[in-house]
Structures are given as structure tokens and as C-alpha cells.
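We number each residue from 1, following the sequence as shown. FYI, side chains are in, hydrogens and waters are out, and symmetry mates aren't considered; it's all heavy atoms of this structure.
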Amino acid sequence: MFKMLLQSFGTPEAYLNALISWRWRFFLYYILVSFICALISYYPLKSKLTDFLDENTPIILSQISEITFENSAIKTQTNKPIFIKGADGKNLFVLSPEFLDLNKNSDENSKLIFSLEKTQLRVFINGFETKLKISDILFEKNITFEVSKLITSLGIYMAYFLLPTTLIFTSLLSNFSLIFMMTLPIMLMSIGVWGGLNIINALKFSILVNTPMLIIMSAIIAYFENTPFNLTIYTMVTLGLSIYMQYKIAPALKAHFEGKK
């Protein structure tokens with residue numbers, strides 16, 4: 001199966017063998033490809049995250065030494081909100097014993113990641129806000145601890161569990177959408193080549209023919225900053241490879257299907 005990753009870049013015989021002999025293995029192959037795409041993205045993103053934490057953790061810790069969490073609510077010694085700033089001076093986190101209107105001073109809050117306000121947690125991701133009750137996400141309701149002691153553990157959790165888990169989940173979803181998007185054109189093209197593929201074989205072929213661009217685009221986006229995903233280029237290259245492979249294996253595959261009739 002690992003050998004197929006290399007052969008997917010241009011070995012017609014491998015495509016023919018997979019279409020004829022693979023049954024459930026194409027699903028494992030899809031998981032493997034998605035895992036590799038996530039792995040490619042993981043290391044540069046982890047490096048950026050650890051650099052961010054190394055730069056900002058000392059600054060954050062110096063600002064939250066007087067914050068405690070008690071009975072599902074944030075408490076500060078002064079009973080006033082504490083705005084935790086990053087190296088650029090903008091707010092990263094807010095911890096407040098009262099509810100706040102964060103629309104004020106929107107420029108200072110433009111990089112805000114989350115806000116713990118009294119009994120609620122607000123998380124900000126790409127302009128979207130999610131609200132959660134603190135009591136709903138705690139296993140133990142009457143718990144007391146110093147917030148500063150969680151920062152180091154939170155950084156390790158983000159770098160070594162949350163980030164890779166998110167990348168794998170995202171890779172599985174995004175890869176499936178691209179593979180499924182290419183399945184119908186592959187079915188239509190196959191009609192003129194050998195009489196047509198059924199949906200399962202078209203999906204197998206789509207997984208294989210999408211592999212090169214999935215891996216290449218993952219690497220480009222991960223290692224070259226400010227490089228957006230270009231769907232037009234992706235589609236043109238993948239369809240071109242699909243046409244090439246279909247014509248290459250057409251005689252043998254057509255003979256195989258006719259022999260089963």
C-alpha cells in the first residue's frame with residue numbers, strides 16, 4: 001500500500017491492479033493518504049505554534065499570577081478583568097470575573113483567541129465566536145486551581161494532541177470532498193474509454209488519481225507561506241492524469257470486465 005503512494009504518480013499497472021484486486025483496501029489507502037497530508041502540514045504548523053508559545057508564554061504567565069478558578073467561575077484579586085497581551089501588545093486572552101462587551105476596542109481584540117468571563121468561555125476562530133458554559137465542560141464542578149499552572153500543560157496539549165488531531169480530521173474531510181468531486185467526471189470520461197465505471201470503481205480510481213496533487217498541494221501550502229489552494233490548477237492536473245491513466249489501462253481493464261460477463 002505504501003508502494004502505491006509512489007506508483008500513483010504515474011504507473012498505469014498499479015492503477016489496473018488496484019481497480020481489479022482492491023476491495024476494502026482502498027478505504028485504508030484513503031486513510032493513509034489523508035494521514036500523510038496531515039503529517040506534512042503538522043511539522044511547520046507545530047514549529048509556528050511552539051515559537052508562538054515560547055515567545056508569549058512568559059509574558060502570559062507574568063499577567064495571570066493572581067487569577068484563580070473556583071466553583072466554575074473566574075476570580076481575580078482585584079475583581080477586575082485581566083487582558084493578557086502577546087508580544088505585539090494585542091489581547092490574546094481575557095479573564096474576567098464579570099461579563100464583557102468585547103466589541104469595544106476591536107483593534108486591540110483583533111487577535112483574541114478566547115475569553116473566560118465569569119461563568120462562560122468564548123472562543124474566537126477565523127471571525128466566528130463560540131460560547132460555552134464553563135460548568136458544561138468541566139468533569140468536576142467544584143474545582144479550584146490557579147490558572148497560571150495550566151498554561152504549560154495547555155501548550156503541550158495544543159502542540160501534541162489538539163493540533164495533530166485537528167489536522168487529521170480536517171484532512172479526512174477535505175480530501176474526501178476533493179475525491180468525491182472528481183468521481184463524477186471520472187465516471188463520465190470512462191464511458192468513452194471502456195464503457196463506463198460503476199460508482200465503487202470510479203471512487204477507487206478517484207482516490208488513486210487524486211493522491212499526487214493531494215500530497216503536492218499539502219506540501220506547497222505547508223512550506224510556502226501565503227500560497228492559497230488553487231482549485232483550478234488542482235482540477236486540471238488531476239483530470240489530465242486521469243485521462244492519461246484511463247487510456248493507458250483501457251485495453252486491459254476492458255478485457256477484464258468483458259471476461260467477467
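The nearest pair of heavy atoms linking Ser41 to Leu167 is C-CD1, 4.1 Å. When every heavy atom of Met187 is checked against every heavy atom of Ile199, the shortest pair comes out as SD-CD1, 3.8 Å. Of all non-hydrogen atoms in Tyr42 and Ala159, the two that sit nearest each other are OH-O, 2.9 Å. Between Met245 and Pro12, the closest heavy-atom pair is SD-CA, 3.7 Å.
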Return a table of donor-acceptor pairs under 3.5 angstrom between the side chains of residues 205-223 and protein atoms on other chains or two or more places apart.
from, atom 1, to, atom 2, distance (Å)
Ser206, OG, Ile179, O, 2.7
Ser206, OG, Asn210, ND2, 3.1
Asn210, OD1, Tyr234, OH, 2.5
Asn210, ND2, Ser206, O, 2.6
Thr211, OG1, Tyr29, OH, 3.0
Thr211, OG1, Ile207, O, 2.9
Thr211, OG1, Leu208, O, 3.3
Ser218, OG, Leu214, O, 2.7

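Pairs engaging residues 173-189 under the salt bridge (Lys or Arg N to Asp or Glu O under 4.0 Å) rule: none recorded [sequence neighbours left out].
Annotation: the span from Thr170 atom OG1 to Asn175 atom CG amounts to 10.0 Å, rounded to 0.5 Å. The OG1 atom of Thr238 lies 7.5 Å from the CE atom of Met181; values are rounded to the nearest 0.5 Å. To the nearest 0.5 Å, atoms CG (Leu45) and NZ (Lys48) are separated by 6.0 Å. A distance of 10.5 Å separates CZ in Phe27 from CG in Leu203, rounded to the nearest 0.5 Å. Taken from CZ in Phe161 to CG in Leu163, the straight-line distance is 11.5 Å, to the nearest 0.5 Å.
Under the 4.5 Å side-chain contact rule for hydrophobic residues, Tyr15 and Phe9 share a cluster. When the side chains of ILVMFWY residues are joined at heavy-atom separations under 4.5 Å, either directly or via intervening members, Ile31 and Trp22 end up in a single hydrophobic cluster. At a threshold of 4.5 Å between side-chain heavy atoms, the hydrophobic network of Ile, Leu, Val, Met, Phe, Trp and Tyr places Phe169 and Ile36 in two separate groups.
With a 4.5 Å cut-off on side-chain heavy atoms, Thr235 and Met182 count as touching.
In this structure, Tyr160 places its OH atom where only 12 or fewer heavy-atom neighbours from other residues, nucleotides or ligands lie under 6.0 Å away. At most 12 non-hydrogen atoms from other residues, nucleotides or ligands lie less than 6.0 angstrom from CZ of Phe180.
Proximity of a side-chain donor or acceptor of Tyr30 to a complementary backbone N or O of Leu172 within less than 3.5 Å is detected. At least one donor-acceptor pair closer than 3.5 Å links the side chain of Ser177 to the backbone N or O of Ser174.
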